[in-house]
Amino acid sequence: MQTKEYLQALMQNIIKKDPAEKLFHQAASEVLTSLEPILEADPKYIKYAVLDRMVEPERVIYFRVPWNDDKGLTHVNRGFRIQFNSAIGPFKGGIRFHESVTLSSLKFLAFEQTFKNSLTGLPLGGAKGGSDFDPRGKSEGEVMRFCQAFMDELYRHIGERTDVPAGDLGVGAREIGFMFGHYKKITNKFVGVFTGKGPSFGGSLIRPEATGYGVVFFAEEMLKCKSEGIRGKTCIISGTGNVGIHTAEKILQMGGKVVGFNDYDGAVYDKEGLDQEKLAFLKDLVFVKRGSLKEYVKKFKSAEFHPGKKSWFIPCYAAFPTACENELTLEDAKTLVNNGVKIVCEGANMPCTPEAVDLFQSKGVLYAPGKAANAGGVAVSGLEMTQNTIRLSWTREEVETQLKKIMRNIHSACVEEACLYNKPGDYLLGANIAGFKKVADAMIAQGVI
Ligand code: GLU
């Protein structure tokens, strides 16, 4: 069978087996399409049915999470852990608490995570977990009881050498603390079973900043290839979560100008750009007060608020989607291109729709997929695991230096693979092939398991 036909048949089979899993189809289709050249070049991958195995999770854990609210009423949510691939290391990936969480969304994220983790160069397999529980609007006690109930089941499936969860949407240091504490209580073990822990109980410095910082390091590498840099460039960000805020912080540190960002309520257009005072206000607003961006425009008169809008209408040189999947559509991409965008670097997982990506690539906009550009978070999680194993803590400088090195290596791997397969500048192809190769070769070496 020809490679193209093989890939088409595989994709059809995926759709036939789970017709409702649209997000997983989208992620699988993007990867399969770009792997065609490597499958053509080396017949062993088809011979050993590597891809057929790779699109099936090694294990899916699906459980009930009952918990009581502050009034004593009982609620039930769904809990999941998708242990996708452990060929190159223990399962690793975040936990997401959000009402949109389904088996399909977590399968897509765990599949992506497998390639992302491979790209870091660290020994990390791919996984993702979560629940359709939404921490927004819940009291601290409710969030804690939910985390404990979630852990009452999950604890038996994870371990520092088996599966090491971390945070994701809706799961930050607070939730990790509650889950880690409950794991410790049930198992009577103090081990590095989570990453993203508080610094006083084994968390790595720079872990909260790592994804955002890494995104900007990656963008800087991309721009370097064009003899450019982030300094002096106008940037916009979507999402003001952990990734968005730290992307803004690093852009600022590197001399760029952040003129637009948005949250659930709408977009802020601040032509004068963020400065240290505004960033400090934003961090307090988002991380401490958990408030709306409307407060930002009340305080800073240089800024306009655009209710219900995302940042994409704001003219910029660089755009950083850091919120969630499919947040940047073809229409948004057209607006960005018409306004002269030169680089789009994904801080979230799969935030650009396939049509948007096609447009960027056809118009010569530099485009980096999340699995390469946002790998800094899980990379520092890998460094946290190392620190836990050797029972030492590294300084901020040490961790940031290593993060920068990892992001540079990921960038080089993408560029090299894209060149090897005659698609220079195609970071999507480069990332998929580089991520795939390491996992696929390990699977072949380990036999049919
Ligand atoms: N949730 C993050 C990601 O998408 C971090 C995962 C981790 O640190 O394990 O990569």
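For ligands, and for the atoms within them, numbers begin at 1 and follow the listed sequence. Here the structure is a predicted model, which is why all the values come from computation and not from measurement.
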To which protein heavy atom is atom 6 (C) of ligand 1 closest, and what is the distance rounded to 0.1 Å? Gly94 N, 3.6 Å
Numbering as shown, the atoms of ligand 1 that approach Arg207 to under 4.0 Å (heavy-atom distance): 5 (C), 7 (C), 8 (O)
Could you tell me if Asp152 and His182 have a donor-acceptor pair between their side chains, going purely by distance under 3.5 Å? yes
Who's the nearest protein heavy-atom neighbour of atom 4 (O) of ligand 1, and how far? Lys116 NZ, 3.0 Å
Check the angle between the aromatic planes of Phe436 and Phe115 and answer parallel, tilted or perpendicular using the 30° and 60° thresholds. parallel
Within the 4.0 Å heavy-atom cut-off, what Lys128 brings close to ligand 1 is side chain
Classify the angle between the aromatic ring planes of Phe218 and Tyr427 as parallel (below 30°), tilted (30 to 60°) or perpendicular (above 60°). perpendicular
Examine Asn374 against ligand 1 and note whether any of their N/O atoms are separated by less than 3.5 Å. no
Under the criterion ring pair (Phe, Tyr, Trp, His ring centres under 6.0 Å), I'd like the reasoning laid out for Phe150 against Tyr183: C-alpha separation, chi angles, the key distance, then a yes or no. CA-CA 10 Å; Phe150 188 79; Tyr183 179 91; over 10 Å; no
Report yes if Pro165 has an N/O atom closer than 3.5 Å to an N/O atom of ligand 1; otherwise report no. no
On a heavy-atom basis, I'd like to know which of Gly377, Gly167, Ala379, Ala166 is closest to atom 2 (C) of ligand 1. Gly167
Counting only heavy atoms, which portion of Glu384 has something under 4.0 Å from ligand 1: side chain, backbone, both, or neither? neither
Ring geometry between His98 and Tyr264 (parallel below 30°, tilted from 30 to 60°, perpendicular above 60°): parallel
Under 4.0 Å from any heavy atom of Asp168, which atoms of ligand 1 are there? 1 (N), 2 (C), 4 (O)
I want to check a possible cation-pi pair here: Lys250 against Tyr213, using under 6.0 Å from ring centre and within 45° of the ring axis as the test. yes
For residues 88-95, which side-chain N or O atoms pair as donor and acceptor with protein atoms under 3.5 Å away, sequence neighbours left out?
| from | atom 1 | to | atom 2 | distance (Å) |
| --- | --- | --- | --- | --- |
| Lys92 | NZ | Val164 | O | 2.7 |
| Lys92 | NZ | Thr195 | OG1 | 2.9 |

Tell me, please: is Glu112 in heavy-atom contact with ligand 1, that is, under 4.0 Å? no
The side-chain contact (heavy atoms from CB on, under 4.5 Å) partner of Val337 among Asp332, Val344, Val365 is Val365
Distance alone, cut at 3.5 Å: any donor-acceptor contact between the side chains of Glu327 and Ser238? yes
For atom 8 (O) of ligand 1, the protein heavy atom that lies nearest, with its residue and separation: Ser381 OG, 2.6 Å
With a 4.0 Å heavy-atom cut-off (strictly under), which part of Asn349 contacts ligand 1: side chain, backbone, both or neither? side chain
Under 4.0 Å from a heavy atom of Gln113: which atoms of ligand 1 are those, numbered in the order shown and with their elements? 3 (C), 4 (O), 6 (C), 10 (O)
Protein contact of atom 9 (O) of ligand 1 - nearest heavy atom, named by residue and atom, plus distance: Lys92 NZ, 2.7 Å
